[in-house]
There are 2 protein chains.
Amino acid sequence: MAHRDDSVETIQQELTAFARRARATAARIHPELSLVSYTLLAHLDDQQGCRATDLAAHYLLDKSTVSRQIAALERLGFVERRLDPADHRVQVLHPTEEGAQVLANASNSRRQAFHERLADWSEADLDRFALYLLRYNAAQERLG
Amino acid sequence: MAHRDDSVETIQQELTAFARRARATAARIHPELSLVSYTLLAHLDDQQGCRATDLAAHYLLDKSTVSRQIAALERLGFVERRLDPADHRVQVLHPTEEGAQVLANASNSRRQAFHERLADWSEADLDRFALYLLRYNAAQERLG
DNA sequence: AATCCACGTTGTACTATACAACTACTTCAA
DNA sequence: TTGAAGTAGTTGTATAGTACAACGTGGATT
């Protein structure tokens with residue numbers, strides 16, 4: 001049990017340290033994209049467009065927060081709104097050409113950074129680490 | 001290489017999801033402690049007191065940020081300042097009795113939450129996960 | 001039609017943060 | 001020994017991100 005406690009303690013410490021660093025580091029993922037706006041834009045990109053309400057629900061953000069984030073992305077020219085012809089309350093949000101481009105760039109440098117950090121890991125270790133993270137996140141989702 | 005890419009992709013996704021959730025969830029770790037104030041208080045506790053400057057350096061926060069966080073903790077009665085007799089510029093910060101108590105409570109519920117999330121993990125898996133996290137964080141530290 | 005609901009915006013407030021200017025104290029060197 | 005330079009911490013100011021509440025507009029239900 002002592003060993004078990006030690007491992008859990010380490011996991012807790014390291015995840016906490018990671019979260020702290022993530023806050024500091026990832027505030028600007030790209031000169032013009034914060035972690036939040038990056039995430040929202042990425043979601044629009046791989047959902048092929050969606051509504052502000054969907055973003056709010058998916059990321060547990062208030063709709064006013066999403067509204068302002070989207071407004072900012074629109075000012076930057078990265079997102080455009082298309083009124084849903086079937087329901088005039090709804091705006092379907094899409095990345096613009098430029099938005100998709102910026103997203104692709106940000107996404108590539110981000111991916112590259114991960115590859116660098118994990119460069120000397122064996123394939124087996126990468127695989128296990130990925131599975132552990134999935135398992136941990138699923139548990140956290142389940143247990144709140 | 002495809003498999004390698006897949007694993008890295010998953011790791012990236014899951015760590016990002018974790019960071020996002022951490023922001024939302026850990027804002028209040030305890031009715032009166034945010035993640036930051038909890039962290040600072042914990043540091044004071046296991047360093048047996050330290051200076052505001054040390055906290056700033058250790059957690060990469062501006063000294064003004066630390067100053068205000070500490071001021072808040074002092075208002076709550078969780079931290080006290082002791083003027084360093086040898087250098088009157090310096091205030092050595094210590095948790096108060098009450099601060100130590102609140103910290104212990106917060107720390108215990110936090111530990112318990114981790115134990116619950118990891119309850120059904122084998123000891124071998126816990127051990128490996130802990131090592132992977134250490135390794136990952138060390139790499140991130142090294143590579144920025 | 002009247003009522004209720006859904007979508008999104010805006011007003012307001014709060015927290016966390018950084019940077020810059022400042023005060024108080026210390027150290028060091030001429 | 002004194003004055004210049006450096007260090008610890010606070011305060012003024014600005015910004016980002018967020019939530020909640022109130023609102024306007026448009027749909028849906030009865």
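A note on names: the letters A, B, ... follow the listed sequences, proteins ahead of strands, and every chain is numbered from 1.
- OP1 or OP2 of dA18(C) has not a single side-chain nitrogen or oxygen of Ser64(B) nearer than 4.0 Å.
- When the P atom of dA19(D) is taken as reference, atom OH of Tyr59(A) falls 15 Å away, rounded to whole Å.
- Between dT10(D) and Ser67(B), a contact under 4.0 Å exists linking OP1 or OP2 to a side-chain N or O.
- Heavy-atom contacts from other residues, nucleotides or ligands closer than 6.0 Å to CD of Glu141(A) number 12 or fewer.
- Nucleic acid contact for Ile70(B): none, since no nucleic acid atom lies under 4.0 Å from a heavy atom of the residue.
- In this structure, the CZ atom of Arg20(A) is 16 Å from the C1' atom of dA16(C), given to the nearest Å.
- Following rounding to the nearest Å, Asp54(B) (CG) and dA8(D) (P) show an atom-to-atom distance of 8 Å.
- Summarising the geometry, the separation between CG on Leu73(B) and P on dT10(D) is reported as 12 Å, rounded to the nearest angstrom.
- Nucleic acid contact for Leu93(A): none, since no nucleic acid atom lies under 4.0 Å from a heavy atom of the residue.
- Checking dG8(C), dT17(C), dT26(C) against every side-chain atom of Val36(B), the shortest atom distance belongs to dT17(C).
- Rounded to a whole Å, the CZ atom of Arg81(B) is 5 Å from the P atom of dT10(D).
- Here the two rings, on Trp121(A) and Tyr136(B), have centers that are 6.0 Å apart or farther.
- Remark: Arg117(B) qualifies as a cation-pi partner of Phe114(B) under the 6.0 Å distance and 45° angle criteria applied to the six-membered ring.
- Between Glu32(A) atom CD and dA16(D) atom C1' the separation is 16 Å, expressed in whole Å.
- Checking the phosphate oxygens (OP1, OP2) of dG9(D), a side-chain nitrogen or oxygen of Thr53(B) falls inside 4.0 Å.
- Nearest to the side-chain atoms of Ser34(A) among the listed nucleotides dG17(D), dA8(D), dC25(C) stands dG17(D).
- With hydrogens and angles disregarded, a donor-acceptor distance shorter than 3.5 Å links the side chain of Thr39(B) to the backbone of Leu35(B).
- Of all heavy-atom pairs between Ala19(A) and Phe18(B), the closest is CB-CE2, 4.1 Å.
- Ranking dT18(D), dC19(C), dC20(D) by closeness to the Arg68(B) side chain, first place goes to dC19(C).
- Under 4.0 angstrom from either OP1 or OP2 of dT17(C) there lies at least one side-chain N or O belonging to Gln69(B).
- For dT18(D), one of the phosphate oxygens OP1 or OP2 lies less than 4.0 angstrom from a side-chain nitrogen or oxygen of Arg23(B).
- Closest to the side chain of Arg89(B), from the set dT17(C), dC5(C), dA8(D), is dA8(D).
- Candidate nucleotides dA19(D), dT18(D), dG9(D) were compared by shortest atom distance to the side chain of Val90(B), and dG9(D) ranks first.
- Nucleic acid contact class of Leu83(B) (heavy atoms, under 4.0 Å, all strands): none.
- In this structure, the CG atom of Asp62(B) is 12 Å from the P atom of dT10(D), given to the nearest Å.
- Atom pair Lys63(B):NZ and dA18(C):P shows a separation of 13 Å (rounding to whole Å applied).
- Residues Asn137(B) and Ala17(A) share a closest heavy-atom pair of ND2-CB, 4.3 Å.
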